[in-house]
Engineer: 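Here's a structure for you.
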Amino acid sequence: MSNQRDKLRSSKPAAQAAKDAFASKYVAGRDDLAVGLGLNQSGSNWAMKVFAQSLSAAGELPDHFGDFDVEVKVSGRAKAF
């Protein structure tokens with residue numbers, strides 16, 4: 001477990017750079033997508049976590065970006081309360 005945590009900690013700068021590049025390529029200028037950085041479903045590596053307002057917005061995204069998974073959730077339109 002400690003080795004996995006160390007691997008994730010040491011790879012975070014590269015994952016953050018990949019997230020920034022992904023956001024620049026796929027999300028910039030769009031108000032129907034938001035992207036963050038999180039762990040993939042198995043918890044073994046970083047992944048782009050994308051929230052899309054619709055299936056059509058989600059359908060335009062790749063499932064991988066570089067060495068990282070892209071996980072998309074169709075969340076609908078965000079509303080402030």
Side-chain angles (χ1 to χ4, degrees):
M1 180 86 163
S2 179
N3 288 341
Q4 180 65 20
R5 194 171 331 166
D6 291 341
K7 175 189 169 252
L8 289 169
R9 189 176 300 127
S10 67
S11 65
K12 188 171 183 179
Q16 184 65 47
K19 185 208 68 112
D20 293 343
F22 179 89
S24 176
K25 183 171 183 173
Y26 293 102
V27 180
R30 297 187 63 162
D31 60 358
D32 60 347
L33 295 172
V35 64
L37 187 62
L39 295 179
N40 63 10
Q41 288 185 342
S42 68
S44 63
N45 200 6
W46 296 105
M48 308 303 138
K49 299 287 189 166
V50 182
F51 294 91
Q53 287 185 11
S54 67
L55 286 173
S56 62
E60 300 170 8
L61 300 171
D63 61 357
H64 282 82
F65 187 76
D67 294 333
F68 303 100
D69 290 342
V70 175
E71 297 179 359
V72 179
K73 178 176 180 170
V74 178
S75 59
R77 187 177 171 115
K79 296 178 186 176
F81 293 97

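Below, each value reflects all heavy atoms present in this structure, side chains not excepted, and no hydrogens, waters or symmetry copies. Along the sequence shown, residues are numbered consecutively beginning with 1.
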Engineer: Report, as yes or no, whether the 6.0 Å neighbourhood of atom CG on D67 holds more than 12 heavy atoms from other residues, nucleotides or ligands.
Structural biologist: no
Engineer: Do L37 and F68 have side chains that approach each other closer than 4.5 Å (heavy atoms only, starting at C-beta)?
Structural biologist: no
Engineer: Give the minimum heavy-atom separation between L8 and G43, together with the two atoms involved.
Structural biologist: CD1-O, 4.0 Å
Engineer: Minimum heavy-atom separation for K19 and M48, please, with both atom names.
Structural biologist: CA-SD, 3.4 Å
Engineer: In Å and rounded to the nearest 0.5 Å, what is the NZ to CG distance from K25 to D20?
Structural biologist: 15.0 Å
Engineer: Do D69 and N45 touch side chain to side chain, with heavy atoms closer than 4.5 Å?
Structural biologist: no
Engineer: Without swapping roles, check the side chain of Q53 against the backbone of D31 for a donor-acceptor pair under 3.5 Å.
Structural biologist: yes
Engineer: Looking at A34, is its backbone amide N or carbonyl O close enough to the side chain of K49 to form a donor-acceptor pair, meaning the two atoms are under 3.5 Å apart?
Structural biologist: no
Engineer: Enter the distance from D6:CG to S11:OG here, rounded to the nearest 0.5 Å.
Structural biologist: 10.5 Å
Engineer: Check the hydrophobic clustering (I, L, V, M, F, W, Y; side-chain heavy atoms under 4.5 Å; chains of links allowed) and say if V72 and F51 are grouped together.
Structural biologist: no
Engineer: Are more than 12 heavy atoms, taken from residues, nucleotides or ligands other than K7, located less than 6.0 Å from that residue's NZ atom?
Structural biologist: yes
Engineer: Considering non-hydrogen atoms only, spot the tightest contact between L33 and A52 and give its length.
Structural biologist: CD2-CB, 3.5 Å
Engineer: To the nearest 0.5 Å, how far apart are CH2 in W46 and CD in Q16?
Structural biologist: 9.0 Å
Engineer: Got F22 and V50 here, is their nearest side-chain heavy-atom distance under 4.5 Å?
Structural biologist: yes
Engineer: When you measure from the side chain of E71 to the backbone N and O of N40, does any donor-acceptor pair fall under 3.5 Å?
Structural biologist: no
